[in-house]
S.K.: 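Just dropping this structure here.
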Amino acid sequence: MNLEDAGFSTKLIHAGEIEDQFGSATVPIYQTSTFRFKSAQHGADCFSGASDGYIYTRIANPTIRALEQNIAALENGFGGIATSSGMAAITSVYMALLNGGDHIISTAAVYGPARGVLEQDFARFQVEASFVNTADIEEIKKAIQPNSKVLYIETPANPTMEITDIAACAVIAKEHGLVLVVDNTFCTPYLQKPLDLGADVVLHSVTKFINGHADIVGGIIITKESVLYKKIRHCMVYMGCNMDPHQAYMVLRGVKTLSVRIDRNQDNAIKVAAFLETHPKVSWIKYPGLASHPQFELAKRQMSGPGSIISFGLKGGLEAGRKLMDNVHLAVLAVSLGGVESLIQHPASMTHAGISVEDKQEAGITDDLVRFSVGIENAENIINDLRQALEKV
Ligand code: LCS
């Protein structure tokens with residue numbers, strides 16, 4: 001079936017489907033490390049590219065390819081490159097796009113290790129990095145140097161929920177010859193399509209919404225065109241950052257319900273945000289669905305919905321936040337996000353603990369910030385759980 005003009009939910013179910021000799025209705029797990037060549041010539045042809053037959057699972061595998069084609073179709077990209085984790089996607093992109101002496105500009109409040117690996121590891125190879133508040137376009141312009149090669153943004157940023165204008169970044173990137181990379185983990189292509197807004201590369205931790213069930217870790221990269229696709233795939237394959245066929249099967253299973261899950265996650269999040277915003281013990285809240293969000297208008301323009309991650313602070317700061325986290329019963333006290341279950345965590349001491357105190361402060365990751373990933377349970381149960389825990393604060 002030609003899915004070019006199909007709706008998003010139809011693509012979720014059918015994009016990347018394969019026909020096998022048994023007529024399997026879903027994509028099976030091709031749990032094999034290597035593939036039989038029909039002849040010595042066929043083997044040579046697979047390696048030279050004259051044949052597109054499979055060779056070895058680190059290079060390509062039918063289950064993994066089905067997932068890559070599925071997500072590439074959702075993001076309107078040329079092709080997908082599935083990886084063992086979201087961090088493997090990020091480091092494969094850094095490795096492919098940056099040489100020693102190059103400079104990358106990144107959102108200050110990116111997921112902690114996406115910043116830490118540049119500061120602690122890529123710095124050893126003379127890669128320079130500047131971390132700025134990319135929500136302020138002027139800050140990006142000021143950070144550009146003659147050796148700048150990549151503009152890397154995460155929007156909404158984890159965990160500050162600050163929003164960066166993707167289309168405006170695309171204009172700057174074009175002007176200065178930068179590759180624009182967008183981490184689309186928080187939105188998924190259901191709520192935001194960075195490639196359509198001018199980005200060159202989009203990536204995900206599929207651990208989160210795309211798989212959606214908190215049972216695997218994985219990542220994926222999608223490029224707009226073929227040159228970057230080949231460059232990044234080469235790095236992924238040579239560094240061995242590949243996804244495993246069983247992982248790919250799990251993600252293919254999870255992604256089918258992405259739109260129905262996010263619809264429910266988001267409906268619940270809107271209700272939870274409204275509850276928190278008026279609660280006397282809450283000192284501030286950042287959620288793109290609230291008119292109080294500083295980039296509410298940009299969020300409405302760039303995203304087709306506000307998503308389901310909420311950051312907030314309590315009167316009484318970190319101690320009050322700790323009390324809250326220790327007293328919720330339904331929401332799981334755990335890192336990660338984007339699953340069917342509600343999760344609560346404290347970024348300053350957990351996901352972003354590897355970032356220096358000064359850098360955290362500068363990036364807006366305050367000690368009192370509590371992050372809540374709203375699940376698909378009944379909204380009243382989530383709210384009642386928060387209400388009883390807030391009473392104990
Ligand atoms: N990008 C974003 C926006 C993330 O939130 C994460 C993980 C990653 C990339 C890395 O993906 P991974 O390698 O874990 O699949 N974020 C986490 C978080 O907020 N809590 O635990 C992990």
Side-chain angles (χ1 to χ4, degrees), residues 67 71 75 81-95 106-118 121 131 134-135 152-164 166 181-189 191-192 194 199 201-222 236 239 241-244 247-248 250-251 254-255 265 286 288 303 307-311 325 331-339 341-355 360 363 365 369-375:
L67 175 67
I71 310 292
E75 290 279 15
I81 303 159
T83 55
S84 56
S85 67
M87 279 310 300
I90 292 168
T91 52
S92 296
V93 166
Y94 290 165
M95 189 62 102
S106 168
T107 303
V110 277
Y111 172 59
R115 176 172 179 156
V117 74
L118 286 171
D121 300 291
F131 299 94
T134 52
Y152 182 100
I153 61 175
E154 189 180 292
T155 180
N158 182 3
T160 59
M161 299 309 292
E162 252 147 25
I163 295 169
T164 297
I166 299 172
V181 181
V182 180
D183 184 330
N184 200 24
T185 299
F186 270 39
C187 279
T188 84
L191 299 180
Q192 174 171 280
V201 178
V202 54
L203 60 85
H204 293 271
S205 166
V206 301
T207 315
K208 311 295 175 343
F209 290 99
I210 288 186
N211 179 59
H213 294 75
D215 49 12
I216 64 100
V217 168
I220 198 159
I221 305 151
I222 303 98
M236 184 284 281
M239 295 194 303
C241 292
N242 59 288
M243 191 176 265
D244 171 86
Q247 242 176 321
M250 294 291 279
V251 183
V255 78
N265 285 117
K286 256 316 211 359
M303 297 152 63
S308 53
I309 313 296
I310 301 171
S311 286
M325 287 183 279
V332 182
L333 175 55
V335 297
S336 202
L337 53 94
E341 60 287 294
S342 293
L343 295 177
I344 192 165
Q345 72 115 355
H346 178 239
S349 67
M350 297 174 187
T351 45
H352 293 69
I355 310 299
K360 267 189 288 218
I365 305 163
L369 191 159
V370 173
R371 191 186 73 190
F372 199 86
S373 172
V374 184

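One is the number of the first residue; the rest follow in order along the sequence. In this text the structure is predicted, and so the values were computed from the model without any measurement. Indexing begins at 1, ligand by ligand and atom by atom, following the structure's order.
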S.K.: Is a donor on one side and an acceptor on the other found under 3.5 Å between the side chain of Thr83 and the backbone of Ala88?
M.R.: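 Between the backbone of Ala88 and the side chain of Thr83 there is no qualifying donor-acceptor contact (under 3.5 Å).
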S.K.: For Glu162 and Pro156, indicate whether the former's side chain and the latter's backbone hold a donor-acceptor pair under 3.5 Å.
M.R.: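 Not at all, since once roles are kept as given, no pair shorter than 3.5 Å links the two residues.
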S.K.: For atom 5 (O) of ligand 1, find the nearest protein heavy atom and state the residue, atom name and distance (0.1 Å precision).
M.R.: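 I find the closest protein heavy atom is Asn158 ND2, 2.9 Å.
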S.K.: Provide the number and element of each atom of ligand 1 under 4.0 Å from a heavy atom of Ser336.
M.R.: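 Within the 4.0 Å cut-off of Ser336, ligand 1 contributes 18 (C), 20 (N), 21 (O).
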S.K.: Donor-acceptor check, side chain of Lys360 to backbone of Ala348, threshold 3.5 angstrom: yes or no?
M.R.: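 Pair found, side chain donor or acceptor close to backbone of Ala348.
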S.K.: Any chance the side chains of Thr164 and Thr155 put a donor and an acceptor closer than 3.5 Å?
M.R.: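 The answer is no; no qualifying pair exists.
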S.K.: Tell me if the CE atom of Met87 is crowded by more than 12 foreign heavy atoms within 6.0 Å.
M.R.: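 Counting neighbours around CE of Met87, more than 12 heavy atoms of other residues, nucleotides or ligands fall under 6.0 Å, so yes.
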S.K.: For Thr185 and His204, indicate whether the former's side chain and the latter's backbone hold a donor-acceptor pair under 3.5 Å.
M.R.: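 Between the backbone of His204 and the side chain of Thr185 there is no qualifying donor-acceptor contact (under 3.5 Å).
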S.K.: Among all protein non-hydrogen atoms, which one is nearest to atom 8 (C) of ligand 1, and what is the separation to 0.1 Å?
M.R.: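 Closest protein heavy atom to atom 8 (C) of ligand 1: Tyr111 CD2, 3.4 Å.
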S.K.: Heavy-atom contacts with Asp183 under 4.0 Å: which atoms of ligand 1 show up? List them by number with element.
M.R.: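 So the answer, numbered in order with elements, is 1 (N), 2 (C), 3 (C), 9 (C).
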S.K.: Can you sort out which atoms of ligand 1 are near Thr351, meaning under 4.0 Å from one of its heavy atoms?
M.R.: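 Matching atoms, with element in brackets: 18 (C), 19 (O), 20 (N), 21 (O).
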S.K.: Which residue from His204, Lys208, Met87 reaches closest to atom 14 (O) of ligand 1 through any of its heavy atoms?
M.R.: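 Looking at heavy atoms only, Lys208 sits closest to atom 14 (O) of ligand 1.
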S.K.: Return the set of residues passing side-chain contact (heavy atoms from CB on, under 4.5 Å) with Ser311 (not counting sequence neighbours), or none when no residue passes.
M.R.: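 If we apply the side-chain contact (heavy atoms from CB on, under 4.5 Å) test to Ser311, skipping adjacent residues, the hits are Pro159, Met161, Trp284, Lys286, Leu369, Arg371.
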S.K.: With a 3.5 Å cut-off and no angle check, do the side chains of Asn184 and Glu75 form a donor-acceptor pair?
M.R.: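 Indeed, the side chains of Asn184 and Glu75 share at least one donor-acceptor pair under 3.5 Å.
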S.K.: Hey, is Leu337 touching ligand 1 through its side chain, its backbone, both or neither, going by heavy atoms under 4.0 Å?
M.R.: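 The answer is the side chain of Leu337.
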S.K.: Going by the order shown, which atoms of ligand 1 are within less than 4.0 Å of some heavy atom of Gly218?
M.R.: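 Contacts of ligand 1 toward Gly218, numbered from 1: 15 (O).
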S.K.: Which atoms from ligand 1 have a heavy atom of Thr185 less than 4.0 Å away?
M.R.: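 Numbered from 1, ligand 1 contributes 1 (N), 2 (C), 3 (C).
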S.K.: Provide the number and element of each atom of ligand 1 under 4.0 Å from a heavy atom of Glu154.
M.R.: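 So the atoms of ligand 1 that pass are 3 (C).
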S.K.: Report yes or no: does Arg371 have a heavy atom closer than 4.0 Å to ligand 1?
M.R.: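 Arg371: in contact with ligand 1 (<4.0 Å).
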S.K.: Give the atoms of ligand 1, by number and element, whose distance to some non-hydrogen atom of Ile90 is under 4.0 Å.
M.R.: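 Numbered from 1, ligand 1 contributes 9 (C).
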S.K.: With a 6.0 Å cut-off on the ring centroids, do Phe186 and Phe209 count as close?
M.R.: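 Aromatic pair excluded; centres sit 6.0 Å or further apart.
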S.K.: Just distances here: any N/O of Val335 and N/O of ligand 1 closer than 3.5 Å?
M.R.: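 Between Val335 and ligand 1, no N or O pair is found under 3.5 Å apart.
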